[in-house]
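Side chains included, hydrogens not; waters and symmetry mates left out as well; all remaining heavy atoms used. In what follows, every chain begins at residue 1, and chains take the letters A, B, ... in the order their sequences are listed.
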2 protein chains.
Amino acid sequence: MRTGLLVLRTELPDKRRQILNLLYLRDIFRTSFSPRLPEAALAAAVASEIWRIPSNTFETLPNSDPCLGALLSRQLAAQQSRANLHVAAIGSLNGEERVASFLIELALRIGSTSPDGIFFQIPLSRTDIADYLALNADTLSRIMSRLKARGIVVQKTRGRVLIPDGKMLRDLSPITDAIVALHGSAASTQAHHFSALA
Amino acid sequence: MRTGLLVLRTELPDKRRQILNLLYLRDIFRTSFSPRLPEAALAAAVASEIWRIPSNTFETLPNSDPCLGALLSRQLAAQQSRANLHVAAIGSLNGEERVASFLIELALRIGSTSPDGIFFQIPLSRTDIADYLALNADTLSRIMSRLKARGIVVQKTRGRVLIPDGKMLRDLSPITDAIVALHGSAASTQAHHFSALA
DNA sequence: CGGAACGTTGACTGTCATCAATCTCTGTGG
DNA sequence: CCACAGAGATTGATGACAGTCAACGTTCCG
């Protein structure tokens, strides 16, 4: 995909929904990445632009250009790693830690640094965020309220958020380093806000 | 890898452990599949045999043989899909459903069909299973006791288990179909025990 | 036989889900 | 411009499920 943000969403029998994965710029998605779950479907969280490549072409892509093959291989490895990280987040963090981790992820991916801190537009609805973090929407709302009360996040307008101090957020998540490694390119201006060395 | 069973394990600050992924026969693992989490490490659950391939060789493998490239590509897709399925399991199932899903997975992977049902040797310690399912070991023990009381699983000896009736187990997990699709090869004698059509 | 590791079980606690009431935004039409 | 409707978000009261801690069983070693 070229721009935008996609979610891989599924819905189990009892109206239990879960967002399995977020897909960002330059991520690769194949139908076969999605397990055969009921209602599993890709949906655009924000307007997105996608390149479609026929499956055959995709599988023989590396043959045409060795360098492309290596790139592809690394991209897929990074996505696998992100999926594993998400397992760790959902499986071993509590609500607040999950939300903090998610905010760090967004800040690295779509944040822009300003003198006041890191700004970004939250690209998902509350419900989608809750589904992504395996939390209830009500619980998510409560956690966000607590974070706002503590001044860790500041809500500017609907869906627009400011993180005044990356270090405070950093300390709320035990997996910050892994998130930075996977979502913050070395060149990212946001990454250093969360870096342990900063 | 060629034989055995590997676990990708991590351990966060407060002795919270999580098993991110199980690796079975013919699965592919690269260091870069593992997020940079504290203590992230591969460990053998049972004696395992592994092929090591230098990273460069790996990335250029597809160039040497187009057919191999396609195979590789599909294998990686299947593993991605399994990671996503595991997110769904941990994120949206309750304890009993997770355990049922895990038992189905094992039955498909390492079970052998007998007149009495499906037999297998549980290849992980209680603690590891709990970490894989994002449950507490005590809770896991309680759930297993309940399943035994209901006759859904029968414990033969330490770590050796019999599933008398696959259909009963099947109905305990809302994601059975997806598990069968990913872990049961079409040829597997176990797969039909869990199939909706059986 | 004894010790260590692992597993089980019960009583209690804490976190998160559920349900319901209220509030806030956003867009629409008078 | 305001009123209104509807969706989404917030908040509180309550309950269920899983986690914690501690005691006791079991298995498997030397």
Side-chain angles (χ1 to χ4, degrees), chain A residues 7 11-19 43 45-46 89-103 121-150 153-161 172 174, chain B residues 7 9 11-19 43 45-46 89-103 121-150 153-161 172-174:
Chain A
V7 301
E11 185 160 350
L12 302 183
D14 279 309
K15 60 183 154 46
R16 286 183 287 190
R17 298 196 318 158
Q18 175 75 38
I19 286 183
V46 301
I90 286 182
S92 53
L93 303 187
N94 64 27
E96 187 176 280
E97 292 168 336
R98 286 183 220 174
V99 173
S101 303
F102 177 65
L103 290 173
Q121 180 99 28
I122 296 185
L124 298 171
S125 73
R126 282 298 208 243
T127 317
D128 280 347
I129 301 173
D131 292 342
Y132 179 58
L133 299 177
L135 287 171
N136 182 287
D138 301 343
T139 303
L140 172 62
S141 177
R142 265 181 265 272
I143 292 170
M144 284 299 288
S145 298
R146 266 177 261 147
L147 292 180
K148 281 183 234 161
R150 290 159 60 188
V153 306
V154 178
Q155 183 140 32
K156 306 309 263 186
T157 66
R158 179 85 136 197
R160 188 139 185 91
V161 141
L172 291 183
Chain B
V7 301
R9 183 190 282 128
E11 186 160 349
L12 301 184
D14 315 288
K15 58 184 152 55
R16 287 182 288 189
R17 297 196 317 158
Q18 175 74 38
I19 286 182
V46 303
I90 285 181
S92 53
L93 304 186
N94 65 27
E96 187 176 281
E97 291 167 336
R98 287 184 219 173
V99 173
S101 303
F102 176 66
L103 290 173
Q121 180 99 27
I122 296 186
L124 297 172
S125 73
R126 282 302 208 239
T127 317
D128 279 346
I129 300 174
D131 293 341
Y132 180 58
L133 299 176
L135 287 172
N136 184 290
D138 302 330
T139 303
L140 173 61
S141 177
R142 264 181 268 271
I143 293 171
M144 285 298 289
S145 298
R146 264 177 262 147
L147 292 180
K148 280 183 234 161
R150 290 158 62 187
V153 306
V154 178
Q155 182 140 29
K156 305 310 261 186
T157 64
R158 179 84 136 199
R160 189 139 184 88
V161 143
L172 291 183
S173 165

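Annotation: the span from Ser173(B) atom OG to Glu96(B) atom CD amounts to 10.5 Å, rounded to 0.5 Å. The CD1 atom of Ile129(A) sits 11.5 Å away from atom CD1 of Ile143(A), with the distance rounded to the nearest 0.5 Å.
The two residues Leu172(A) and Ala100(A) make their nearest non-hydrogen contact at CB-CB, 3.6 Å. In terms of heavy-atom proximity, Leu93(A) sits nearest to Ser101(A) at CD1-OG, 3.5 Å.
Nucleotides of DNA chain D with any atom under 4.0 Å from a heavy atom of chain B span, from 5' to 3', dA18(D) to dC28(D). The footprint of chain B on DNA chain C, defined by a heavy-atom cutoff below 4.0 Å, extends from dG7(C) to dA11(C).
By the side-chain contact (heavy atoms from CB on, under 4.5 Å) test, Ser92(B) is found to be paired with Leu12(A), Gln18(A), residues two or more places apart in sequence or in another chain being considered. Taking the salt bridge (Lys or Arg N to Asp or Glu O under 4.0 Å) definition, one finds that Glu11(B) meets it with nothing, sequence neighbours left out. When the salt bridge (Lys or Arg N to Asp or Glu O under 4.0 Å) test is applied to Arg16(B), the partners found at least two apart in sequence or on another chain are Glu97(A), Asp14(B). Gln121(A) is linked by a side-chain contact (heavy atoms from CB on, under 4.5 Å) to Arg160(A), counting only residues two or more places apart in sequence or in another chain. Residues satisfying the salt bridge (Lys or Arg N to Asp or Glu O under 4.0 Å) criterion with Arg9(B), sequence neighbours excluded, are Asp128(B). Every side-chain contact (heavy atoms from CB on, under 4.5 Å) that Val153(B) has, sequence neighbours left out, goes to Leu103(B), Met144(B), Leu147(B), Lys148(B), Ile163(B).
For residues 129-143 of chain A, every residue pair satisfying the side chain to side chain donor-acceptor pair (under 3.5 Å) rule, not counting sequence neighbours, is listed here: Arg17(A)-Asp131(A), Glu105(A)-Tyr132(A).
Using a 4.5 Å heavy-atom cutoff, the side chains of Leu124(B) and Phe102(B) are in contact.
Residues from residues 138-148 of chain A that place a heavy atom under 4.0 Å from any atom of DNA chain D, listed by number: Asp138(A), Ser141(A), Arg142(A), Ser145(A), Lys148(A).
Across all strands shown, Ala130(B) has no heavy atoms under 4.0 Å from either base or sugar-phosphate atoms.
Direction of the helix axis in the helix from dC1(C)-dG30(D) to dG30(C)-dC1(D) shifts by 30° between the two five-pair termini, rounded to 10°.
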